[in-house]
Novice: 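One structure follows; several queries about it will come next.
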Amino acid sequence: MKYTVMILTFLSFLLSGCYTGAGEGGALSREQVLKDNSNADIIELEDGKVYKHGVDWIEERNYQKGKKIGDVQKGMATKASVGAGIFRTKEKSPILIVEHNGKAKRYLLEAGE
C-alpha cells in the first residue's frame, strides 16, 4: 500500500508537467499560448490576460453578450479584426465574446494550474 501511494504521487508530479501552463499558476502569457500552438486565434487584453478561440465546450453553452469592454486594437489579436467589439458575458465566466460584422466568436481565458 505504501509503495502504491508513492508511485501514484510520483506519477501525478510527472504528468502535471506535460501540458502548457503546468506549474504556471495563473493566467498564461501570449508567448506561452503561442508556444503550444503558433497558429492559435488569441486576444491579449491590456491587463496581459490572454483569451483563445476554438474551445469546443464554450460553443455548447448559451453565453449571452454583456457589457462592452473595448475594441480590438492593432497587435492585440492574432486573427480577430481590428475594430471588433470585445464583450464580457452576462454570466460570470472566463469567456469573452468578440463581435465583428454581426458575427460573434467566443474566447476562453488561458490559465495554468
Side-chain angles (χ1 to χ4, degrees):
M1 177 74 168
K2 181 178 175 182
Y3 293 110
T4 303
V5 172
M6 287 176 39
I7 290 171
L8 290 175
T9 302
F10 173 75
L11 287 175
S12 67
F13 283 119
L14 180 67
L15 293 175
S16 68
C18 295
Y19 59 91
T20 301
E24 298 295 332
L28 297 179
S29 70
R30 178 185 196 107
E31 292 77 21
Q32 290 168 313
V33 175
L34 292 175
K35 181 180 177 185
D36 188 43
N37 178 0
S38 62
N39 198 35
D41 182 357
I42 64 167
I43 292 179
E44 181 179 15
L45 298 184
E46 291 178 2
D47 62 5
K49 291 182 180 171
V50 177
Y51 294 78
K52 183 172 82 171
H53 174 69
V55 180
D56 292 336
W57 67 265
I58 295 172
E59 303 305 326
E60 297 170 3
R61 303 234 172 121
N62 191 25
Y63 290 107
Q64 300 295 312
K65 183 173 69 172
K67 180 182 176 185
K68 184 174 184 177
I69 61 170
D71 294 309
V72 174
Q73 304 295 315
K74 185 176 180 180
M76 177 186 239
T78 57
K79 297 188 180 183
S81 300
V82 171
I86 305 171
F87 300 84
R88 296 269 180 218
T89 58
K90 286 185 179 178
E91 305 80 14
K92 184 175 177 152
S93 72
I95 309 296
L96 292 179
I97 298 174
V98 176
E99 207 173 63
H100 186 69
N101 291 334
K103 294 184 180 181
K105 291 169 67 174
R106 297 174 182 170
Y107 291 75
L108 174 65
L109 175 64
E110 292 297 287
E113 293 185 22

Novice: Would you say Lys49's side chain and Ala111's backbone share a donor-acceptor pair under 3.5 angstrom?
Specialist: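 A pair under 3.5 Å: no.
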Novice: To the nearest 0.5 Å, what is the distance between CG (Leu34) and CD (Glu110)?
Specialist: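 Reported to 0.5 Å precision, the distance equals 10.0 Å.
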Novice: Compare every heavy atom of His100 with every heavy atom of Ala84, then report the nearest pair and how far apart it is.
Specialist: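 Between these two residues, the closest heavy atoms are CB-CB, 3.7 Å.
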Novice: Mind checking the NZ-CD spacing from Lys65 to Glu99? Nearest 0.5 Å is all I need.
Specialist: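 If I round to the nearest 0.5 Å, the distance is 3.5 Å.
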Novice: Would you give the length of the straight line joining atom NZ of Lys105 to atom OG of Ser81, rounded to the nearest 0.5 angstrom?
Specialist: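 Spacing of NZ (Lys105) from OG (Ser81) equals 8.0 Å.
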Novice: In Å and rounded to the nearest 0.5 Å, what is the CZ to CD distance from Arg106 to Glu60?
Specialist: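 Reported value, rounded in 0.5 Å steps: 10.5 Å.
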Novice: For the residue pair Tyr63 and Ser93, what are the closest heavy atoms and their distance?
Specialist: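 That would be CE2-CB, 3.6 Å.
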Novice: Using the rule that two of Ile, Leu, Val, Met, Phe, Trp, Tyr join whenever any of their side-chain heavy atoms come within less than 4.5 Å, decide whether Ile42 and Met76 are in one cluster.
Specialist: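 Cluster IDs for Ile42 and Met76 differ.
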Novice: Looking at Ala40 and Thr78, what are the two nearest heavy atoms and their distance?
Specialist: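 Here Ala40 and Thr78 meet closest at O-OG1, 2.7 Å.
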Novice: A quick test of your reading: do over 12 heavy atoms of other residues, nucleotides or ligands sit less than 6.0 Å from NZ of Lys90?
Specialist: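 No.
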Novice: Hydrophobic clusters here meaning ILVMFWY residues chained together by side-chain heavy-atom distances under 4.5 Å, can you tell me if Ile97 and Ile86 are in one?
Specialist: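 Cluster IDs for Ile97 and Ile86 differ.
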Novice: I'd like to check the side chain to side chain donor-acceptor pair (under 3.5 Å) partners of Gln64; sequence neighbours left out, ordered by chain and number.
Specialist: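 Per chain and number, Gln64 pairs via side chain to side chain donor-acceptor pair (under 3.5 Å) with Asn62.
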Novice: Which of these passes side chain to side chain contact (heavy atoms under 4.5 Å, CB included) with Lys52: Leu108, Leu109, Val33?
Specialist: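 Output: one option passes, namely Val33.
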Novice: What distance separates Asp71 CG from Phe87 CZ, expressed to the nearest 0.5 Å?
Specialist: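 Result: 8.0 Å between the selected atoms.
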Novice: Would Tyr107 and Ile58 count as a side chain to side chain contact (heavy atoms under 4.5 Å, CB included) here? Give the steps.
Specialist: CA-CA 8 Å; Tyr107 291 75; Ile58 295 172; over 6 Å; no
Novice: Is there a path of hydrophobic side-chain contacts, each under 4.5 Å between heavy atoms, that joins Ile69 and Ile95?
Specialist: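 Different hydrophobic clusters.
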Novice: For Ala77 and Ile43, which heavy atoms make the closest approach, and how far apart are they?
Specialist: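 What the structure gives for the nearest pair is CB-CG1, 3.8 Å.
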Novice: Count I, L, V, M, F, W, Y as connected when their side-chain heavy atoms are under 4.5 Å apart, and connections chain through other members. Are Leu45 and Val50 then in the same cluster?
Specialist: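 In one cluster: no.
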Novice: Does Ser29 reach the main-chain N or O of Gln32 with its side chain, forming a donor-acceptor pair under 3.5 Å?
Specialist: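 Yes.
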